[in-house]
Amino acid sequence: SIGDGGNGGGRSGALSPTLVTEELQKIDVNPPKGTRDFPPEDMRLRNWLFNNFREVSRVYGFEEVDFPVLESEALFIRKAGEEIREQLYCFEDRGNRRVALRPELTPSLARLVIQKGKSLSLPLKWFAIGQCWRYERMTRGRRREHYQWNMDIIGVPEVTAEAELLSSIVAFFKRIGLTAADVGFKVSSRKVLQEVLKCYGIPENMFGKVCIIIDKIEKIPLDEMKKELKVVGVSEDAIEEMLQVLSVKSLTKLEEILGGGGEAMSDLKQLFSLAEKFGYSDWIQFDASIVRGLAYYTGIVFEMLFQGFDRGGKLRAICGGGRYDRLLSTFGGDDLPACGFGFGDAVIVELLKEKKLLPELSVEVENIVCALDPDLQGAASRVATILREKGQTVDLVLENKPLKWVFKRATRINAQRLILVGSSEWQRGMVGVKDLSSGEQREVKLDELN
Ligand SMILES: Nc1ccc(Br)nc1
């Protein structure tokens with residue numbers, strides 16, 4: 001731009017003697033580290049996935065909700081040493097407020113439920129699909145954002161809520177072509193460990209910390225875990241018994257250890273019998289070792305957990321969830337029974353790729369409309385409008401292009417019909433219509449075009 005003579009462009013300043021060119025800064029055209037763009041072909045797959053999330057949520061009678069991506073940092077500060085806390089994408093805004101990009105949706109849901117309070121009629125069945133963030137050191141090179149589908153039932157203390165949520169995820173897997181041979185749920189109950197810890201006099205408020213440590217069962221060496229457990233005050237005997245219980249993979253075996261009288265056994269038996277009635281028994285298996293690393297599940301009594309996982313065993317959890325009955329009270333609200341799950345948009349796509357189940361999603365348009373000379377551009381716009389008002393999709397050629405270019409574009413956008421607006425036809429109230437699959441060409445009266 002021409003310099004403004006140093007006075008910010010005011011009329012009074014003389015033009016500066018030299019031509020001052022703005023500094024042309026070459027920006028990095030890639031998105032920030034760990035984030036993704038969604039160009040059309042990727043956006044089609046994302047929309048396909050989210051439409052399946054939405055359709056399952058709809059048939060299960062859930063209502064959609066959403067919350068800000070940006071929340072007060074305090075919403076996510078929990079004392080149990082979770083990974084999600086270490087990776088919080090947090091900062092101080094221009095108003096010196098501590099804020100964070102949400103790492104998950106559940107705390108926002110809890111905040112909204114408390115805010116709405118008594119005006120809400122229970123049970124709530126809410127779902128959301130929202131982008132969640134984490135800040136990982138560059139070393140890990142992993143994603144920093146993903147989209148999560150969440151379904152939550154608030155106000156139902158019975159295990160029927162967990163059974164309903166599991167059923168909805170099975171319904172989703174079936175919709176996209178996955179079977180019980182491809183994926184399955186490991187189901188456990190927080191009360192299993194609770195009953196063991198209680199025998200050894202571990203106070204309930206130690207739960208969160210113990211479960212965060214145990215959640216690393218497959219990530220850190222056993223003696224490292226034992227050391228961490230000892231640090232938080234769990235005795236050697238308690239650790240040995242806990243680890244023995246964590247290796248149990250059958251309800252009958254569990255009953256031998258815990259006895260039949262506890263809530264853990266009755267909850268699990270009820271869940272497995274409901275699974276039978278829902279018809280997804282072969283999708284679930286008991287596995288005491290899953291505790292999941294979120295404190296509000298364990299800091300609060302997290303009773304039913306499940307994790308979708310691929311039978312191949314190499315992918316991370318596809319989804320996870322469970323009961324979190326005391327999350328609301330950690331924010332000062334009245335406690336309400338609550339359970340829900342989170343389902344990320346990345347692992348499932350990896351699994352579908354591996355299973356060759358990714359859908360073929362091509363761009364489609366019904367009509368491409370083109371004026372055969374520039375004077376007819378208005379007429380072509382009229383034709384496009386008529387078709388669009390009938391609900392047809394139209395790609396209107398917006399420039400004066402040779403027919404060769406139009407045919408090439410028609411192929412690229414997968415148009416079904418080419419509508420040609422030519423002067424002699426237009427004089428007679430007609431347009432040319434070419435069926436691009438059969439090649440058949442005919443003249444059609446404008447008011448008969450459909
Ligand atoms: N919580 C969380 C957020 C973002 C990603 Br990517 N993974 C986990």
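For clarity, every value in this text was computed on a predicted model and none was experimentally measured. Both ligands and their constituent atoms are indexed starting at 1 by order of listing.
- Looking at R143, R36, R46 one by one, the single match for salt bridge (charged side-chain N to carboxylate O under 4.0 Å, His left out) with D345 turns out to be R36.
- A perpendicular orientation is assigned to the rings of F341 and W149, their planes being inclined by more than 60° (bins at 30° and 60°).
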Distance-only check: which donor-acceptor pairs under 3.5 Å involve side-chain atoms of residues 221-230, not counting sequence neighbours?
| from | atom 1 | to | atom 2 | distance (Å) |
| --- | --- | --- | --- | --- |
| K226 | NZ | E240 | OE2 | 3.1 |
| E228 | OE1 | K216 | NZ | 3.0 |
| K230 | NZ | E236 | OE2 | 3.3 |

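- Nearest protein neighbour of atom 2 (C) of ligand 1, counting heavy atoms only, is P103 O, 3.6 Å.
- Contacts between E145 and ligand 1 below 4.0 angstrom, taking non-hydrogen atoms only, involve the backbone exclusively.
- If you number the atoms of ligand 1 from 1 as listed, the ones under 4.0 Å from a heavy atom of C132 come out as 3 (C), 4 (C).
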Review item, side-chain donor-acceptor pairs of residues 152-160, under 3.5 Å, at least two apart:
| from | atom 1 | to | atom 2 | distance (Å) |
| --- | --- | --- | --- | --- |
| D152 | OD2 | Y324 | OH | 2.5 |

